[in-house]
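Worth knowing before you read on, the calculation uses all heavy atoms, side chains too, and leaves out hydrogens, waters and symmetry mates. Treat the numbers as computed from the prediction; the structure is a model and nothing was measured.
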Amino acid sequence: MKPLTIKATRQSPEIYLDAEDGIMKFTGKSRPEDALLFYEPVITWIKQYANNPQPQTKVVFNLEYFNSSTTKVFKSFFECFREIKHQGKKLIIEWHYQEDDEDMQDVGEELASLYELPFAFKPYNP
């Protein structure tokens, strides 16, 4: 699979997906007008990757903000991540958030619990 890279805009995050290295990164803000349309190639890529993942996959979410329509799209991601875990592969999800952003921390904790996935929470000071 070819890597997929999408540059950040004011409305969308930088996305870096590399199957060979088993790395997925989402950085910035996600508030696209049509989240499903924006993330369609990302969902397709992640679904393909989940069919034949590396022995270890690392997913990094370093988002300052994302809207509710992005949350719905992320659920598709997490279904695929759960499939990777069920295949017995090692999965690491890093959830970065500003130290004082309890909402972002809570969302990560909720996703970790809902999908029963291994999250490493990484607070930082801006």
Side-chain angles (χ1 to χ4, degrees):
M1 285 179 65
K2 287 184 173 182
L4 176 63
T5 303
I6 300 173
K7 293 189 184 300
T9 68
R10 290 181 56 214
Q11 302 298 320
S12 61
E14 177 180 346
I15 299 172
Y16 175 75
L17 310 173
D18 188 327
E20 190 173 312
D21 290 336
I23 294 176
M24 301 178 209
K25 292 182 181 179
F26 303 87
T27 307
K29 296 177 183 173
S30 181
R31 51 181 180 224
E33 199 168 300
D34 186 340
L36 191 56
L37 180 64
F38 173 77
Y39 280 105
E40 188 175 6
V42 177
I43 294 168
T44 300
W45 191 98
I46 292 173
K47 284 181 177 179
Q48 281 185 310
Y49 177 81
N51 288 329
N52 188 24
Q54 293 294 338
Q56 176 176 302
T57 300
K58 182 177 181 179
V59 184
V60 178
F61 286 95
N62 192 357
L63 296 168
E64 298 170 42
Y65 171 83
F66 56 92
N67 60 14
S68 58
S69 60
T70 297
T71 303
K72 291 176 186 174
V73 171
F74 282 180
K75 291 179 179 183
S76 299
F77 296 0
F78 285 97
E79 290 293 336
C80 293
F81 300 156
R82 189 162 45 186
E83 176 59 32
I84 292 169
K85 181 184 168 204
H86 287 193
Q87 292 176 37
K89 307 291 184 174
K90 184 172 184 181
L91 177 68
I92 301 162
I93 299 174
E94 287 187 2
W95 191 265
H96 297 255
Y97 61 94
Q98 289 184 19
E99 213 168 46
D100 61 349
D101 189 347
E102 291 179 15
D103 290 338
M104 190 63 81
Q105 180 181 359
D106 290 346
V107 169
E109 290 172 355
E110 187 176 317
L111 290 167
S113 175
L114 183 64
Y115 291 96
E116 299 175 342
L117 292 170
F119 273 57
F121 292 94
K122 307 278 186 171
Y124 65 89
N125 281 317

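- Here the CD1 atom belonging to I84 is positioned 14.5 Å from the NZ atom belonging to K90, to the nearest 0.5 angstrom.
- Residue-environment remark: CG (L36) stays at or below the threshold of 12 foreign heavy atoms within 6.0 Å.
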### Task
Report the C-alpha separation of F74 and V107 in whole Å, then their side-chain angles, then the decisive distance to 0.1 Å, and conclude whether the side chain to side chain contact (heavy atoms under 4.5 Å, CB included) test is met.
CA-CA 11 Å; F74 282 180; V107 169; over 6 Å; no
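- Between P13 and F38 the shortest side-chain heavy-atom distance falls below 4.5 Å.
- For M104 against D101, the heavy-atom pair with the smallest separation is N-OD1, 3.1 Å.
- K85 is linked by a salt bridge (Lys or Arg N to Asp or Glu O under 4.0 Å) to nothing, counting only residues two or more places apart in sequence or in another chain.
- Linking Ile, Leu, Val, Met, Phe, Trp and Tyr residues whenever their side-chain heavy atoms come within less than 4.5 Å leaves Y65 and V60 in two separate clusters.
- Note that OH of Y124 and CD of Q98 are 4.5 Å apart. Values are rounded to the nearest 0.5 Å.
- Side-chain heavy atoms closer than 4.5 Å link hydrophobic residues (I, L, V, M, F, W, Y) into clusters, and following such links, possibly through other members, connects M1 to V42.
- With values rounded to the nearest 0.5 angstrom, I15 atom CD1 is found 13.5 Å from K25 atom NZ.
- Put simply, V59 and I23 are part of two different groups of oily side chains (I, L, V, M, F, W, Y) that touch within less than 4.5 Å, one to the next.
- Closest approach of N67 and P32 over heavy atoms only: ND2-O, 3.7 Å.
- At most 12 non-hydrogen atoms from other residues, nucleotides or ligands lie less than 6.0 angstrom from NZ of K29.
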### Query
Step by step, would you call S30 with Y39 a side-chain hydrogen bond (donor to acceptor under 3.5 Å, both in side chains)?
CA-CA 10 Å; S30 181; Y39 280 105; 2.7 Å; yes
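- Using a cut-off of 4.0 Å between Lys/Arg side-chain N and Asp/Glu carboxylate O, E94 and K58 are scored as salt-bridged.
- We find the OG-CZ distance between S12 and R31 to be 10.0 Å, quoted to the nearest 0.5 Å.
- Heavy-atom neighbours of E99 CD from other residues, nucleotides or ligands within 6.0 Å: above the threshold of 12.
- Between F61 and the options F121, Y97, F78, F119, a ring pair (Phe, Tyr, Trp, His ring centres under 6.0 Å) holds for only F78.
- P41 and L4 make their closest contact through O-CD2, 3.9 Å (heavy atoms, listed as atom of the first residue, atom of the second, distance).
- Within 6.0 Å of CD in E110 there are 12 or fewer heavy atoms belonging to other residues, nucleotides or ligands.
- In this structure, the ring of F77 has its center less than 6.0 angstrom from the ring center of F26.
- For residues 44-56, the pairs satisfying side chain to side chain donor-acceptor pair (under 3.5 Å) are Y49-T57, with sequence neighbours left out.
- Cluster membership check: L17 shares its hydrophobic cluster with L117, using side-chain heavy-atom separations under 4.5 Å among Ile, Leu, Val, Met, Phe, Trp and Tyr.
- Rounded to the nearest 0.5 Å, atoms CD (E79) and CD1 (I43) are 12.0 Å apart.
- Considering CD of E83 and CG of L91, their distance stands at 11.5 Å, rounded to 0.5 Å.
- Contact record, A50 with P53: O-CD, 3.4 Å, taken as the closest heavy-atom pair.
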